[in-house]
Amino acid sequence: MAYRVPDMGSLLVTGGAGFIGSNFVRTACDRVSDRIVVLDALTYAGNLANIRDLVDQGHVDFVKGDICDEALVGQLFRDRGITRVVHFAAESHVDRSILGPEAFLRTNIHGTYVLLQAARSAWGEATTERFLHVSTDEVYGALTPDDPPFTESSPYLPSSPYSSSKAASDHLARSWNHTYGLPVLVTNCSNNYGPWQFPEKLIPLVILNAVEERELPVYGDGLQVRDWLHVEDHCDALLRVLDRGAVGETYLVGGNCERKNIDIVKWICDAVDERLGRAAGTARGLIRHVTDRPGHDRRYAIDASKLRDELGWAPTRTLEEALPSVVDWYLEHRDWATDIRSGAYLDYYDTQYGAR
Ligand code: NAD
Ligand code: TYD
């Protein structure tokens, strides 16, 4: 009798058509034996083009749908034999959360609740399943220049509608572990950058605007600090936590790469000028210091030593090492960027930057 390959179950990736989710799916296709099911509502930030090749080649099963849809989510767990979840789906942009917080409460809080309940109902007392809730370092609030980086025991102090909705979802995920025994793990990561990032976030926005010789909006004095991590390093950390992390635990993920916004913007300006053969200083001339973001967190930084000590993970590149290839990627994918910067993006852009 022929050997039958054991049924490995299915890995559900919510938000798998977004920035980090699509990078994760690409990495996971090579490294996990589960079937991969992506559930994504394809909001403005989700784009099937990010994973179309994987869907067309049959590596990924794509389901368009909303994580708040209880019937759909419940049916997915039952029909697809979901045994592991990596939950990315979220409204993710701080500026949009300030303009309109309701969608953040709905997707980030209620959507997470729906997924946790569906997993609980499908998995019962089973112990081999895993629910990895992907979150952000922004739940810890802002650091002063002299504060030590965040650790897993830092107190929650979120300050934007985005970060407070993510904080709420983290609490739900942990309490579903504590109360119901759901096999939950949580990661909180610093700012990501890399391919397929929607150009409302600092790095892709500045690259594309610099290429098109549009203004480069720097909020306030530009001295805010973020800890930057290449998205592929984040995906590697997530796979390690999914495979070998201890259930009920939280792991912080960071780049050990604190940089000021203004320094990044200037670096991108020079890289773009050089690649396009323009006179030095052309793009820097587009920098505009605009009205600061309300409640703008001054600094984030991560101490990822738990992940390093327990799971052997460390970031493999600094921002300076990785940015040249990232700038090249956006130059080589101008069509992708043009397609997603549709009418809706232009409306958002006018609202966000028009009056600053
Ligand atoms: P993104 O905005 O690029 O992608 C979010 C994805 O979720 C999109 O594909 C969107 O269509 C989908 N989505 C939104 N609402 C949905 C809903 N109701 N139902 C189903 N799908 C829905 O976000 P990202 O930057 O890839 O972030 C992914 C996750 O990682 C988020 O949970 C975010 O909080 C977290 N995170 C992001 C960063 C970062 O720097 N980008 C850092 C740390 C943590
Ligand atoms: P962003 O990419 O929106 O990520 P987050 O707010 O989650 O950290 O912004 C990164 C930093 O860049 C943040 O300090 C805000 C700043 N910023 C600007 O100065 N100008 C911009 O146009 C944007 C989008 C961000």
Side-chain angles (χ1 to χ4, degrees), residues 13-24 38-48 50-51 63-69 72-73 86-98 103-104 106-108 110-112 114-115 133-139 142 160 162-163 165-167 169-170 187-194 196-206 209 215-229 231 234-235 238 252-255 259-262 264-265 287-293 296-300 302 340 349 352-353 356:
V13 181
T14 72
F19 164 48
I20 307 175
S22 63
N23 278 281
F24 177 81
V38 166
L39 172 63
D40 198 300
L42 298 182
T43 68
Y44 79 93
N47 187 352
L48 198 47
N50 299 5
I51 52 167
V63 178
K64 181 175 185 300
D66 189 334
I67 58 166
C68 299
D69 182 340
L72 171 71
V73 171
V86 183
H87 173 34
F88 295 98
E91 290 290 339
S92 70
H93 188 37
V94 174
D95 292 324
R96 286 191 190 248
S97 84
I98 295 167
F104 288 72
R106 180 182 176 278
T107 287
N108 299 2
H110 189 72
T112 300
V114 169
L115 285 163
H133 174 68
V134 180
S135 192
T136 166
D137 60 354
E138 303 193 24
V139 297
S160 73
Y162 164 64
S163 57
S165 67
K166 289 297 292 188
S169 69
D170 294 7
T187 54
N188 295 86
C189 187
S190 62
N191 286 63
N192 283 216
Y193 63 94
W196 313 109
Q197 186 167 29
F198 194 82
E200 63 185 353
K201 304 280 170 69
L202 180 71
I203 288 181
L205 185 138
V206 169
N209 279 15
E215 290 193 352
L216 308 177
V218 172
Y219 297 164
D221 60 12
L223 299 179
Q224 304 83 4
V225 171
R226 299 290 184 264
D227 178 354
W228 293 94
L229 179 70
V231 65
H234 185 189
C235 293
L238 292 172
L252 262 53
V253 192
R259 300 290 182 268
K260 296 185 184 73
N261 293 341
I262 188 67
I264 296 174
V265 172
I287 295 175
R288 297 283 177 274
H289 287 269
V290 299
T291 310
D292 208 351
R293 172 188 280 172
H296 198 168
D297 286 340
R298 197 69 179 163
R299 174 179 168 239
Y300 306 133
I302 290 276
I340 58 179
Y349 200 92
Q352 176 63 17
Y353 297 103
R356 285 183 112 100

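Model, not experiment: these values are computed from the prediction. Remember, it's 1-based here, ligands and their atoms both numbered in the order they're listed.
A salt bridge between Arg106 and Asp66 is present, with a side-chain N of the basic residue lying under 4.0 Å from a carboxylate O of the acidic one. Taking a cutoff of 4.0 Å between a charged side-chain nitrogen and a carboxylate oxygen, Asp292 and Arg298 do not qualify as a salt bridge.
Polar contact with ligand 1: present for Asp66 (N/O pair, distance under 3.5 Å). Checked against a 3.5 angstrom limit, the closest N/O atoms of Ile67 and ligand 1 fall inside it. The shortest N or O to N or O distance between Gln224 and ligand 2 is not below 3.5 Å. For a threshold of 3.5 Å applied to N or O pairs, the pair formed by His87 and ligand 1 contains no separation below that value. For the pair Thr43 and ligand 1, the shortest N or O to N or O distance falls below 3.5 Å. Checked against a 3.5 angstrom limit, the closest N/O atoms of Ala89 and ligand 1 fall outside it. Taking only nitrogen or oxygen atoms, main chain and side chain alike, His296 reaches within less than 3.5 Å of ligand 2. Annotation: Pro217 places an N or O atom under 3.5 Å from an N or O atom of ligand 2; distance criterion only. By the 3.5 Å distance cut-off applied to N or O atoms, Thr107 is counted among the residues near ligand 1. In terms of N/O distances under 3.5 Å, ligand 2 is approached by Leu202. Annotation: Tyr219 places an N or O atom under 3.5 Å from an N or O atom of ligand 2; distance criterion only. No N or O atom of Glu200 sits closer than 3.5 Å to an N or O atom of ligand 2. Some N or O of Asn261 is nearer than 3.5 Å to an N or O of ligand 2, by distance alone.
Within ligand 1, counting atoms from 1 as listed, the ones closer than 4.0 Å to a heavy atom of Val134 are 30 (O), 32 (O). Atoms of ligand 2 found under 4.0 Å from any heavy atom of Val94, numbered from 1 in the order shown, are 6 (O), 7 (O). Of all atoms in ligand 1, listed by their number and element, those nearer than 4.0 Å to a heavy atom of Leu42 are 11 (O). Per-residue contacts place His93 under 4.0 angstrom from the following atoms of ligand 2 (heavy atoms of the residue considered): 3 (O). Near Cys189, meaning under 4.0 Å from one of its heavy atoms, ligand 1 places the atoms 42 (C), 43 (C). Listed by atom number, the atoms of ligand 1 under 4.0 Å from Asn191 heavy atoms are 40 (O).
The protein atom (non-hydrogen) at minimum distance from atom 2 (O) of ligand 1 is Ser92 OG, 2.7 Å. When hydrogens are left out, the protein atom nearest atom 41 (N) of ligand 1 is Ile20 CD1, 3.7 Å; that is the closest non-hydrogen contact. Looking only at heavy atoms of the protein, atom 22 (O) of ligand 2 is closest to Tyr353 OH, 2.6 Å. In terms of protein heavy-atom proximity, atom 34 (O) of ligand 1 is nearest to Tyr162 OH, 2.7 Å. For atom 9 (O) of ligand 1, the closest non-hydrogen atom on the protein side is Asp40 OD2, 2.6 Å. For atom 6 (O) of ligand 2, the nearest non-hydrogen atom of the protein is Arg293 NH1, 2.5 Å. Closest to atom 5 (C) of ligand 1 among all protein heavy atoms lies Ala90 O, 3.5 Å. Residue, atom and distance of the protein heavy atom nearest to atom 40 (O) of ligand 1 are Asn192 N, 2.9 Å. In this structure, atom 8 (O) of ligand 2 lies nearest to the protein heavy atom Arg226 NE, 2.7 Å. Atom 7 (O) of ligand 2 has Glu138 OE2, 2.5 Å as its closest protein atom, hydrogens excluded (heavy atom only). Looking from atom 25 (O) of ligand 1 to the surrounding protein, the closest heavy atom is Phe19 CD2, 3.7 Å. Nearest protein neighbour of atom 21 (N) of ligand 1, counting heavy atoms only, is Ala41 N, 3.1 Å.
Among Gly18, Ser135, Ser22, the residue whose heavy atom lies nearest to atom 44 (C) of ligand 1 is Ser135.
Contact analysis puts Ala17 in contact with ligand 1, with a non-hydrogen atom separation below 4.0 angstrom. Using a 4.0 angstrom heavy-atom cutoff, Gly65 counts as in contact with ligand 1. Heavy-atom separations between Phe88 and ligand 1 include at least one value shorter than 4.0 Å. Within the structure, ligand 1 lacks Tyr193 among the residues with a heavy atom less than 4.0 angstrom away. The shell of residues lying under 4.0 angstrom from ligand 2, judged by heavy atoms, excludes Gln352. Distances shorter than 4.0 angstrom do not occur between any heavy atom of Gly111 and any atom of ligand 1.
Between Leu216 and the options Leu202, Val290, Asn209, a side chain to side chain contact (heavy atoms under 4.5 Å, CB included) holds for only Asn209. Just one residue in the list Asp40, Leu72, Thr107, Asn108 forms a side chain to side chain contact (heavy atoms under 4.5 Å, CB included) with Ile67, and that residue is Thr107.
Residue contacts with ligand 1, taken as heavy atom pairs separated by less than 4.0 Å, involve Lys166 solely via side-chain atoms from C-beta onward. Only the backbone of Ser190 comes within contact range of ligand 1, with a heavy atom under 4.0 Å; no side-chain atom does. The proximity of Asn191 to ligand 2, defined as any non-hydrogen pair under 4.0 Å, is limited to the side chain.
Residues His133 and Ser169 are in side-chain contact: their nearest non-hydrogen atoms beyond the backbone lie under 4.5 Å apart. With contacts defined as side-chain heavy-atom distances shorter than 4.5 Å, the pair Leu115/Val73 qualifies. With a 4.5 Å cut-off on side-chain heavy atoms, Asn261 and Tyr219 do not count as touching. Residues Val134 and Ile20 fail the side-chain proximity criterion, which asks for heavy atoms closer than 4.5 Å.
Between Tyr353 and Glu215, the side chains place no donor N or O within less than 3.5 Å of an acceptor N or O (distance only, hydrogens not considered). Under 3.5 Å, the side chains of Glu138 and Tyr300 contain a donor-acceptor pair of N or O atoms.
Annotation for Lys260: atom NZ does not count as buried by contact number, only 12 or fewer foreign heavy atoms lying within 6.0 Å.
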